[in-house]
Amino acid sequence: MEEQKVKNKQLENLKGMDIKAFQDDLIGWFSKEQRDLPWRKDSDPYRVWVSEIMLQQTRVDTVIPYFTRFMEQFPSIRALAEADEEKVLKAWEGLGYYSRVRNLQAAVREVNEKYDGNVPDTPKEISSLKGVGPYTAGAILSIAYGKPEPAVDGNVMRVLSRILLISEDIAKPAARKIFEASVRELIDHSNPSYFNQALMELGALICTPTSPSCLLCPVNEYCQAYHDGVQQELPVKSKKKKQRAVDLGAAVLVDQEGRFLICKRPGEGLLANLWEFPNTEVSPAFPGERRQLEDYISGLYEMEIQVAVLPERIQHIFTHLIWNILVFTGGLPEDFEKSDHYRLVSPEELKDYAMPVSHQKILKLYLDSIKTP
DNA sequence: CACTCGTGGCG
DNA sequence: TCGCCAAGAGT
């Protein structure tokens, strides 16, 4: 019944459309106008896979240098499978959504063992890999293997919402099924790779979120929103709620040989497995941020630590969170004992540790403070 | 389904 | 300045 409603919807929206002409115009445009991107040099499944993971919620311009470096450092399934986790995370540093790379390496290791290093080519098998959801599964199957599977991302939902005049809220997870059903009706079985990539490329270059270039669009004659002059009203997308603010106290602690104390974050959750300066959530009002941070660190390392506050406060904005960080500095005694949870590293060694951007800001603030007191 | 999970760029 | 975004997946 629900399935029937989806089917009725697409039949209604596809009525009277010359699908073959649409495919040819769309693919013809992509063949001519596609950007020269590093992951388009070939259709090696591993390269397609890595690029699709990096591109999740991330701009093309941001991904390009990461992709190039990553493929140099880990050029094959086996290379990534056998790589040191710390080095893989370091290669991802600054790209965000760090669970992506942890899942990618886990999945690559599974492919290396279970599939003898060959990326599977069936929806069931590839979807079972960690970090491979409906979009990525469809992208790899179509781009690397030429299978006529939908790859519905934000671009595709925006483009098709306009062409087919679909008013579903694309912020809702349920909306994706509508568009997947539409793609199954529209996709060119002779070139699924170009068809899917063309829809996304069109969304990136022409059918943009604000002020789409409809006059330049190769498929504007098929677009119902353009025909009705409502392209600016689509897609329908509900708003996200705004971030909550959290106050942190963080300490840059240095021993007598100039080494920094850093800690490893937990293996799950926010910024998992990244290294950072010791910090804790504080309440600015009571009983004083400095005292709260000192108590936290003293309890953590069973030693009395005293810190001084730096004048500037750092703000770091996440998708769903805002960190307001007050930065402190302090010295470490000589008889400081090591453990797995934290390390003492020189400024040179610090470069080998993956740190969140927020803590790179902290480091910079500290270095500036000792340079110009 | 609602929420978590990063970052940098843009109008 | 700030909300919105950019080739989503896991829980």
Side-chain angles (χ1 to χ4, degrees), chain A residues 30 34-35 37-40 47-67 89 92-104 106-107 126-144 150-159 169-177 179-180 183 193 196-205 207-211 235 237-246 265-274 276 315-323 354-361:
Chain A
F30 180 72
Q34 65 170 296
R35 290 168 290 180
L37 301 173
W39 46 89
R40 286 179 176 165
R47 292 172 57 86
V48 172
W49 185 5
V50 171
S51 72
E52 292 301 341
I53 299 298
M54 285 189 173
L55 285 163
Q56 289 171 7
Q57 300 292 286
T58 311
R59 287 185 153 75
V60 165
D61 289 342
T62 302
V63 167
I64 289 173
Y66 280 91
F67 179 80
L89 192 56
W92 208 269
E93 181 185 53
L95 197 52
Y97 288 140
Y98 299 95
S99 66
R100 290 185 295 177
V101 75
R102 184 177 67 250
N103 289 334
L104 175 61
I126 202 165
S127 297
S128 73
L129 297 171
K130 285 183 181 175
V132 179
Y135 163 75
T136 304
I140 296 173
L141 288 169
S142 61
I143 298 172
V152 174
D153 70 337
N155 284 313
V156 172
M157 288 195 284
R158 181 173 60 258
V159 169
D169 182 355
I170 67 168
K172 305 285 188 187
R176 201 191 69 251
K177 293 190 177 303
F179 294 96
E180 284 178 347
V183 171
S193 169
N196 280 342
Q197 290 188 75
L199 278 183
M200 293 186 276
E201 194 81 340
L202 191 68
L205 301 181
C207 196
T208 51
T210 59
S211 62
K237 188 174 187 179
S238 54
K239 295 173 183 173
K240 323 171 185 176
K241 62 176 189 180
K242 69 174 185 182
Q243 306 98 327
R244 65 186 174 92
V246 173
R265 292 181 62 88
E268 293 181 348
L270 185 66
L271 304 169
N273 288 331
L274 271 67
E276 65 181 6
Q315 184 177 71
H316 189 78
I317 301 175
F318 299 90
T319 303
H320 62 295
L321 204 63
I322 298 177
W323 275 356
M355 297 179 71
V357 170
S358 51
H359 284 253
Q360 293 172 21
K361 292 179 187 173

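Residue numbers start from 1 in every chain, and the chains themselves are labelled A, B, ... in the order their sequence lines are given, proteins ahead of strands. What you see is a predicted model, and the numbers here were worked out from it, not measured in a lab.
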Participant: Who pairs with A/L205 by side chain to side chain contact (heavy atoms under 4.5 Å, CB included), at least two apart in sequence or on another chain?
Facilitator: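 In terms of side chain to side chain contact (heavy atoms under 4.5 Å, CB included), with neighbours along the sequence ignored, A/L205 is linked to A/W29, A/R35, A/E201.
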
Participant: For A/F67, give me all partners under ring pair (Phe, Tyr, Trp, His ring centres under 6.0 Å), at least two apart in sequence or on another chain.
Facilitator: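 With neighbours one apart ignored, the set is A/W39.
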
Participant: Between atom CG of A/D169 and atom CE of A/M157, what is the distance when rounded to the nearest 0.5 Å?
Facilitator: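 Output value for this atom pair is 9.5 Å.
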
Participant: Categorize A/T136 for me: base, sugar-phosphate, or nothing, with a 4.0 angstrom heavy-atom threshold over every strand shown.
Facilitator: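 The answer is sugar-phosphate, as A/T136 gets under 4.0 Å only of primed atoms, P, OP1 or OP2.
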
Participant: Looking only at atom P, what distance separates B/dC3 and C/dA6, rounded to whole Å?
Facilitator: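 The same atom, P, in both gives a distance of 22 Å.
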
Participant: Within the 4.0 Å heavy-atom criterion, would you say A/L95 contacts the bases, only the backbone, or no part of the nucleic acid?
Facilitator: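 Touches a base.
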
Participant: A/T62 or A/T210: which one's nearest nucleotide on DNA chain B is closer to the 5' end?
Facilitator: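 Counting from the 5' end, the first nearest nucleotide belongs to A/T62.
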
Participant: In whole angstrom, give the distance that lies between atom CD1 of A/I140 and atom P of C/dG8.
Facilitator: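 Distance, rounded to whole Å: 14 Å.
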
Participant: Looking at every strand, decide which applies to A/R265 at a 4.0 Å heavy-atom threshold: base, sugar-phosphate, or nothing.
Facilitator: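 The answer is nothing, as A/R265 stays clear of every strand by at least 4.0 Å.
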
Participant: Can you establish whether the number of heavy atoms outside A/K130 located under 6.0 Å from its atom NZ is more than 12?
Facilitator: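 No, the 6.0 Å shell around NZ holds no more than 12 heavy atoms from other groups.
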
Participant: Check the distance between C/dG8's C1' and A/M54's CE and give it to me in whole angstrom.
Facilitator: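 Between C1' of C/dG8 and CE of A/M54: 16 Å.
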
Participant: With heavy atoms under 4.0 Å as the rule, sort A/W39 into base, sugar-phosphate or nothing.
Facilitator: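 The residue A/W39 makes base contact.
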
Participant: Mind checking the P distance from B/dG8 to C/dA9? Whole angstroms is fine.
Facilitator: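 Those two atoms are separated by 23 Å.
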
Participant: Not counting sequence neighbours, which residues clear ring pair (Phe, Tyr, Trp, His ring centres under 6.0 Å) with A/F318? List them please.
Facilitator: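 Ring pair (Phe, Tyr, Trp, His ring centres under 6.0 Å) list for A/F318, sorted by chain: A/H316, A/W323.
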
Participant: Can you tell me how far apart OG1 (A/T136) and CD (A/Q56) are? Round to the nearest 0.5 Å.
Facilitator: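 Reported to 0.5 Å precision, the distance equals 4.0 Å.
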
Participant: Using chain A heavy atoms and a threshold of under 4.0 Å, write down where along DNA chain B the contacts begin and end, 5' to 3'.
Facilitator: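 Footprint of chain A along DNA chain B, 5' to 3': B/dC1 to B/dG8.
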
Participant: Nucleotides 1-5 of chain C: which of its N/O atoms have a protein N/O under 3.5 Å away?
Facilitator:
unit_1	atom_1	unit_2	atom_2	d
C/dC5	O2	A/R59	NH1	3.2

Participant: About how many Å separate CD1 of A/I140 and OH of A/Y135, when rounded to the nearest 0.5 Å?
Facilitator: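 If we round to the nearest 0.5 Å, A/Y135:OH and A/I140:CD1 are 9.0 Å apart.
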
Participant: Tell me what A/G203 touches on the nucleic acid: a base, only sugar-phosphate, or nothing, going by heavy atoms under 4.0 Å.
Facilitator: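 Touches nothing.
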
Participant: With a 4.5 Å cut-off on side-chain heavy atoms, are A/V183 and A/N196 touching?
Facilitator: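 A/N196 vs A/V183: side chains touch.
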
Participant: Mind calculating the distance between CZ (A/R158) and P (C/dG8) to the nearest angstrom?
Facilitator: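 To the nearest whole Å, that distance equals 10 Å.
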
Participant: Taking side chain to side chain contact (heavy atoms under 4.5 Å, CB included) as the test, write out the residues that go with A/Q197, two or more places apart.
Facilitator: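 Checked A/Q197 against side chain to side chain contact (heavy atoms under 4.5 Å, CB included); matches are A/F30, A/R40, A/I143, A/S193, A/Y194.
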
Participant: Contact class for A/V63 vs. all strands (heavy atom < 4.0 Å): base, sugar-phosphate, or nothing?
Facilitator: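 No contact.
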
Participant: When rounded to the nearest 0.5 angstrom, what distance separates CG in A/D153 from CD in A/Q57?
Facilitator: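 Going from the CG atom of A/D153 to the CD atom of A/Q57 covers 9.5 Å.
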
Participant: Using a heavy-atom cut-off of under 4.0 Å over every strand shown, decide if A/L321 touches base, sugar-phosphate, or nothing.
Facilitator: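 Here A/L321 touches no strand at all.
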
Participant: Which is more 5' along DNA chain C, the nucleotide nearest A/D153 or the one nearest A/E268? Just name the residue.
Facilitator: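 The residue closer to the strand's 5' end, by nearest nucleotide, is A/D153.
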
Participant: In whole Å, what is the span from the OH atom of A/Y135 to the P atom of C/dA6?
Facilitator: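 In whole Å, C/dA6 P lies 14 Å from A/Y135 OH.
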
Participant: Tell me the interatomic distance from A/E201, atom CD, to C/dA6, atom P, rounded to whole angstroms.
Facilitator: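 From A/E201 CD to C/dA6 P: 14 Å.
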
Participant: A/P356 or A/A174: which one's nearest nucleotide on DNA chain B is closer to the 5' end?
Facilitator: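 Final value for this comparison: A/A174.
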
Participant: Rounding to an integer number of Å, can you tell me how far A/Y98 OH sits from C/dG8 P?
Facilitator: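 The answer, rounded to whole Å, is 17 Å.
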
Participant: Once you apply a heavy-atom cut-off of 4.0 Å, does A/L37 come out as touching a base, just sugar-phosphate, or nothing?
Facilitator: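 Base: the residue A/L37, judged by heavy atoms under 4.0 Å, touches a nucleobase.
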
